[in-house]
Amino acid sequence: MGKELTTREADYSQWYNDLVIKGELADYSAVRGCMVIKPYGYALWENMRDQLDKMFKETGHVNAYFPLFVPKSLFEAEEKNAEGFAKECAIVTHYRLKNDPANPGKLMVDPDAKLEEELVIRPTSEAIIWNTYKGWIQSYRDLPILVNQWANVVRWEMRTRLFLRTAEFLWQEGHTAHATKEEAIDETKKMLDVYAEFVEHYMAVPVVKGVKTPNERFAGAEDTYCIEALMQDGKALQAGTSHFLGQNFAKAFDVQYLTKENKQEYVWATSWGVSTRLIGALIMAHSDDQGLILPPRIAPLQVVIVPIYKGEESKPVIDEKVNGIIKELKSLGISVKYDNSDNARPGWKFAEYELKGVPVRIALGLRDLENNVVELARRDTKEKNTVSIDGLAQYVSNLLEEIQQNIFNRALAFRNENIREANTWDEFVSLLDTKAGFISAHWDGTPETEEKIKEMTKATIRCIPLNNKQENGSCILTGKPSKERVLFARAY
RNA sequence: CGGGAUGUAGCGUAGCCCGGUUAUCGCGCCUGGUUUGGGACCAGGAGGUCGCAAGUUCGAAUCUUGCCAUCCCGACCA
């Protein structure tokens, strides 16, 4: 019987949890709100990370590493940023434990080891980084600084969900410093494009690029750009953000540079990040009731080979043939696992690798060898075909590409079907309740109206799409004039 | 943090209301054998702080209190 999965229809949240845990991506840990990322899930993250890292470097960035701890006085320097994150910070107050005289064998916090100044465990690193940049920047010749860091951060969330919202999570955060506003804005948009390309091209998840309203802006940013994805249950998920920080952090940390004209100017800043949350997006965008569906370009395993033995004497014959196939696949850069383990029969393995979302499965037995063919099954459509062993590697390589495209096209079609226009309040509410998805509607541009809509419907403005069509209309709630539509949705 | 639910072996569970031998069953796991084209079968075996702690009792998985964790619905958020 093995692993039973909850269906999406029965309980979408439970289905998601089942996939994460039974697909062996991650598991709950002994620490509240924190998960263990298991080897299979970590391999997926590594593939995502490696590709992003490559793209960052191609756009001129370098990696560095800054401390996990941020002295409270630095953390509070940029007020809006500090205020925004204050209520979800973990704080180190002591540096030593000692034996508890009242409870033998137990430890207690040593009251004599109180820190002079508390250390905030970074929820994001602008503060420590800008404090550092102050020492790096004197002249326009020191700019731009284009640094990225791969790190863990901690945000003490009240309610956590595997990958989507954990107290500790892995991410990258780019922090750049520029001489001019224009250059910083260009950087902000450039990195948004990098994210969009990565998410669409590698993760096969279509996104809407846009800009956040002031309400939804990152704490301390002048502008927050984002990519928004749509999940199969019709809820939106913010997949990445890129912030134009203006001179806020430069002013807070007094980071100035000398221009060519020998004038002191404040530095312009950006920051941008994506996290392990992307894995949640990946799962909810593609997977089905049989398990994960992973896009070939980032799947930890692209191909699994399952032998169908008939009697002891068939093993060496099949194994030898498979070794040749593996060699050919690897020569084309395809990752492959040969599962000839004896503790599960073929049917069990088929189900297991479907659960784990391996894009292509090859099965072969003596019968196939006689005909010089294999059975080839693709995870995305569950189609099975008999394919000649001659030229198999190339066939598989093409198929992986086709699967990548198909997964993307499917998600894109779903996303496009689920962007609907609403022109009246009734229409808006009924669409939210019956169809969910993105709703494109006019809004009067005020934070008050946005807040009111959120209170009434739980829908938020996900973004104002970039290159948005300008059209006159009236706000769905207040009826006041509006020049463009914005995208609403209920979101994760 | 507010409301609701749950917690018994790796997983899923019976028992709990009404306290009483050695905690039930299935899957999985180990050993041996037969097997292998969609979640195999036979035989033998291992595995339990009944979420944690205190209390009531001659006796607690079962009753009481506190705590912890997870899930769902809110508030908050990437």
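All chains are named by letter (A, B, ...) in the order of the sequence lines, taking the proteins before the strands, and each is independently numbered beginning at 1.
- With hydrogens and angles left out, the side-chain atoms of A:N81 and A:E126 include no donor and acceptor closer than 3.5 Å.
- Sorted by residue number, the members of residues 31-53 of chain A with any non-hydrogen atom under 4.0 Å from RNA chain B read A:R32, A:G33.
- In this structure, A:K382 reaches neither bases nor backbone, as no heavy-atom distance under 4.0 Å exists between it and the strands shown.
- Applying side-chain contact (heavy atoms from CB on, under 4.5 Å) to A:M203 and the options A:M48, A:H286, A:R297 leaves one that passes, A:M48.
- Between B:U36 and A:R345, no contact under 4.0 Å exists linking OP1 or OP2 to a side-chain N or O.
- Not one side-chain nitrogen or oxygen of A:K310 sits closer than 4.0 Å to the OP1 or OP2 atom of B:G37.
- Spacing between atom CH2 of A:W15 and atom C1' of B:C71 amounts to 17 Å, rounded to whole angstrom units.
- Of the candidates B:C71, B:G37, B:G74, the closest approach to any side-chain atom of A:Q14 belongs to B:C71.
- A:S275 comes within 4.0 angstrom of a base, heavy atoms only.
- Applying the salt bridge (Lys or Arg N to Asp or Glu O under 4.0 Å) test between A:R361 and each of A:E352, A:E383, A:E354 identifies A:E354 as the sole match.
- Counting only heavy atoms from C-beta on, A:K454 has its side chain closest to B:C76 among B:C76, B:U36, B:G39.
- For B:C71, one of the phosphate oxygens OP1 or OP2 lies less than 4.0 angstrom from a side-chain nitrogen or oxygen of A:Y28.
- Nucleic acid contact class of A:T276 (heavy atoms, under 4.0 Å, all strands): none.
- The pair A:R367-A:E370 fails the salt-bridge criterion, with no side-chain N (NZ, NE, NH1 or NH2) lying under 4.0 Å from an Asp/Glu carboxylate O.
- Remark: A:R155 fails to qualify as a cation-pi partner of A:F85 under the 6.0 Å distance and 45° angle criteria applied to the six-membered ring.
- The residue A:F218 sits apart from the nucleic acid: no heavy atom pair falls under 4.0 Å.
- With salt bridges taken as basic N to acidic carboxylate O contacts below 4.0 Å, one links A:E24 and A:K356.
- In this structure, A:E354 reaches the bases: a heavy-atom distance under 4.0 Å links it to at least one base atom across the strands shown.
- We find that NZ of A:K315 is positioned 13 Å from P of B:G37, with the value rounded to whole Å.
- Residue contacts shown for A:S13 are limited to sugar-phosphate atoms, with no base heavy atom under 4.0 Å away.
- A distance of about 7 Å separates the C1' atoms of B:A40 and B:U35, rounded to the whole Å.
- For the pair A:R159 and B:C72, the criterion of a side-chain N or O lying under 4.0 Å from OP1 or OP2 is met.
- Atom CD1 of A:I305 and atom P of B:U36 are 21 Å apart (whole Å).
- Comparing the P positions of B:C11 and B:C71 gives a spacing of 15 Å, expressed to the nearest Å.
- With the nearest nucleotide of RNA chain B identified for both A:F350 and A:A219, A:F350 has the one nearer the 5' end.
- Per the geometry, CG belonging to A:L164 stands 12 Å off C1' belonging to B:C77, to the nearest Å.
- Both key distances under 3.5 Å define a Watson-Crick or G-U pair, and stretches of 3 or more such consecutive pairs in RNA chain B run B:1-7 with B:68-74, B:10-12 with B:25-27, B:29-34 with B:40-45, B:51-55 with B:63-67.
- Using a cutoff of 4.0 Å between basic side-chain nitrogens and carboxylate oxygens, A:R415 and A:E228 are not scored as salt-bridged.
- Distance alone, capped at 3.5 Å, places no donor-acceptor pair between the A:Y195 side chain and the A:S242 backbone.
- Under the 30°/60° scheme for interplanar angles, the aromatic rings of A:F218 and A:H243 are found to lie parallel.
- To the nearest whole angstrom, the two C1' atoms, one in B:G45 and one in B:G51, are 29 Å apart.
- Computed from coordinates, the A:E370 CD to B:G37 P distance equals 16 Å when rounded to whole Å.
- A salt bridge between A:K189 and A:D193 is absent, with no side-chain N of the basic residue lying under 4.0 Å from a carboxylate O of the acidic one.
- What separates CG of A:N17 from P of B:U6 is a distance of 19 Å, to the nearest Å.
- Separation of the P atoms belonging to B:U57 and B:G74 is 45 Å when rounded to the nearest angstrom.
- Separating the P atom of B:U64 from that of B:C17 is a span of 9 Å, rounded to the nearest Å.
- Distances shown here put every side-chain N or O of A:R161 at or beyond 4.0 Å from the OP1 or OP2 atom of B:C77.
- Looking at heavy-atom distances under 4.0 Å, A:K349 makes no contact with the nucleic acid at all.
- Of the P atoms belonging to B:C76 and B:C63, the separation is 38 Å, rounded to the nearest Å.
- Rounded to whole Å, the distance from CG on A:N343 to P on B:C41 is 15 Å.
- Heavy atoms of A:Q238 sit under 4.0 angstrom from primed sugar atoms or phosphate atoms, though from no base atom.
- At a threshold of 4.0 angstrom between heavy atoms, the contacts of A:L237 with the nucleic acid are absent.
- The C1' atoms of B:U6 and B:C16 are separated by 14 Å, rounded to the nearest whole Å.
- Residue A:N81 contributes atom CG, which lies 14 Å from atom P of B:C77 at whole-angstrom precision.
- With respect to A:R8 and A:D288, no salt bridge is recorded, no charged nitrogen being found less than 4.0 Å from a carboxylate O.
- Between B:U24 and B:G47, the distance separating the two C1' atoms is 16 Å to the nearest Å.
- There is no side-chain donor-acceptor pair under 3.5 Å between A:T213 and A:N215.
- Within 4.0 Å of A:K384, counting heavy atoms only, lies at least one base atom of the nucleic acid.
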